[in-house]
Amino acid sequence: KEALLDFTKIATINPNFPDTHHNTAIVEDKLGNEKKSILYFDKAIQLNPLLPKAFYNRGVVYGKLGNYSGAIFDFSRELQLRPTDDETYFGRGNIYSKQGLFDKAIADFTKAIQYNSANKDYYYNRGIAFLNQEEAQFALADLSKVIQLDSKYAAAYVNRGFLFLKQNEFERAIQDLTIAIRIDSN
């Protein structure tokens with residue numbers, strides 16, 4: 001809340017400084033004031049339509065509010081400005097997943113991985129999208145990659161375990177689900 005007061009003071013001194021509005025929007029979002037946050041993002045973008053991460057951050061808030069078309073628009077706009085931004089591909093992929101547009105989600109998660117192959121969440125979300133498309137071998141590969149990157153990622157073990165169960169690989173399913181239980185109990 002102190003940060004919000006500081007940004008408000010700066011905005012009073014110089015109301016045409018886009019970074020102040022952008023940072024205020026981020027703080028408002030963190031305080032749970034998403035609708036106020038959108039207004040500050042709008043102002044920041046109005047003052048500087050090329051402001052790095054402004055469209056991305058507003059897209060995240062739109063996603064929280066369930067405004068998926070607004071989120072997709074903002075993530076797409078951010079990608080026009082920064083076409084190699086893995087976080088933006090990931091964010092848009094998550095929105096596509098929420099909409100059940102798994103082909104588009106997979107394409108965006110794949111792009112995110114192309115630009116940052118060390119992020120386990122990118123593989124996990126793509127694996128879940130593959131599961132939703134009933135593409136077991138691709139889902140298995142991604143969930144296994146998650147576990148390779150982070151052996152304590154319980155959700156990856158759970159989903160891979162259920163995948164093994166569907167494939168009648170009961171020993172492997174029990175093994176993964178047991179590991180998941182052990183991780184979650186710690």
Side-chain angles (χ1 to χ4, degrees), residues 3 7 11 14 16-30 33-135 137-150 153 155-156 159:
F7 290 132
N14 185 356
N16 294 321
F17 190 57
D19 289 4
T20 302
H21 296 285
H22 184 249
N23 292 333
T24 302
I26 292 169
V27 173
E28 288 287 6
D29 176 44
K30 292 200 183 301
N33 302 324
E34 289 89 358
K35 290 182 180 174
K36 265 184 151 176
S37 175
I38 293 292
L39 296 174
Y40 283 106
F41 282 128
D42 291 347
K43 183 67 174 173
I45 290 167
Q46 176 190 351
L47 292 169
N48 181 0
L50 303 177
L51 187 66
K53 287 300 222 185
F55 286 101
Y56 168 81
N57 287 321
R58 188 173 68 179
V60 168
V61 176
Y62 275 145
K64 286 182 189 179
L65 293 171
N67 180 350
Y68 298 148
S69 62
I72 295 292
F73 177 86
D74 276 356
F75 288 140
S76 298
R77 181 69 178 110
E78 184 73 28
L79 288 169
Q80 289 174 345
L81 300 171
R82 297 170 358 110
T84 61
D85 186 60
D86 58 294
E87 289 179 330
T88 305
Y89 281 108
F90 183 67
R92 191 172 69 179
N94 285 328
I95 299 298
Y96 284 141
S97 282
K98 288 178 182 181
Q99 294 178 307
L101 302 171
F102 299 112
D103 287 336
K104 288 183 174 188
I106 289 166
D108 274 359
F109 295 143
T110 301
K111 278 293 214 183
I113 291 166
Q114 177 185 336
Y115 296 118
N116 181 357
S117 61
N119 190 311
K120 62 190 178 233
D121 295 324
Y122 298 174
Y123 289 98
Y124 179 78
N125 285 27
R126 187 175 71 175
I128 297 304
F130 278 130
L131 275 176
N132 282 299
Q133 292 287 81
E134 298 185 22
E135 296 188 44
Q137 78 181 64
F138 295 118
L140 182 61
D142 277 350
L143 294 170
S144 296
K145 180 67 175 182
V146 173
I147 292 165
Q148 177 190 340
L149 292 170
D150 181 358
Y153 205 116
N159 283 288

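Computed from a prediction, not measured in an experiment: that's the story for all the values here.
Minimum interatomic distance between P18 and N48 (heavy atoms only, all atoms of both residues): CG-CB, 3.7 Å. In plain terms, the two heavy atoms of A71 and G63 that are nearest each other are CB-N, 3.8 Å.
Residues satisfying the ring pair (Phe, Tyr, Trp, His ring centres under 6.0 Å) criterion with Y123, sequence neighbours excluded, are absent altogether. A search for ring pair (Phe, Tyr, Trp, His ring centres under 6.0 Å) contacts involving F130 returns F138, not counting sequence neighbours.
F41 and H21 have their aromatic ring centers separated by at least 6.0 angstrom. Residues F55 and F75 place their aromatic rings such that the two centres sit no closer than 6.0 Å.
Residues L143 and Y124 form a side-chain contact, since some pair of their non-hydrogen atoms from C-beta on lies under 4.5 Å apart. Here the side chains of R58 and D42 are in contact, with some heavy-atom distance below 4.5 Å. The closest side-chain heavy-atom distance from R77 to I45 is not below 4.5 Å. Here the side chains of I38 and N67 are not in contact, with every heavy-atom distance at 4.5 Å or above.
A ring-ring contact (aromatic ring centres under 6.0 Å, His included) with F109 holds for exactly one of F90, Y115, F102, Y96; it is F90.
Atom CD1 of I113 sits about 9.5 Å away from atom CG of N125, to the nearest 0.5 Å.
Remark: the Y122 side chain and the D86 side chain contain an N/O donor-acceptor pair separated by less than 3.5 Å.
Salt bridge E87/K53: present, at least one basic N to carboxylate O contact under 4.0 Å.
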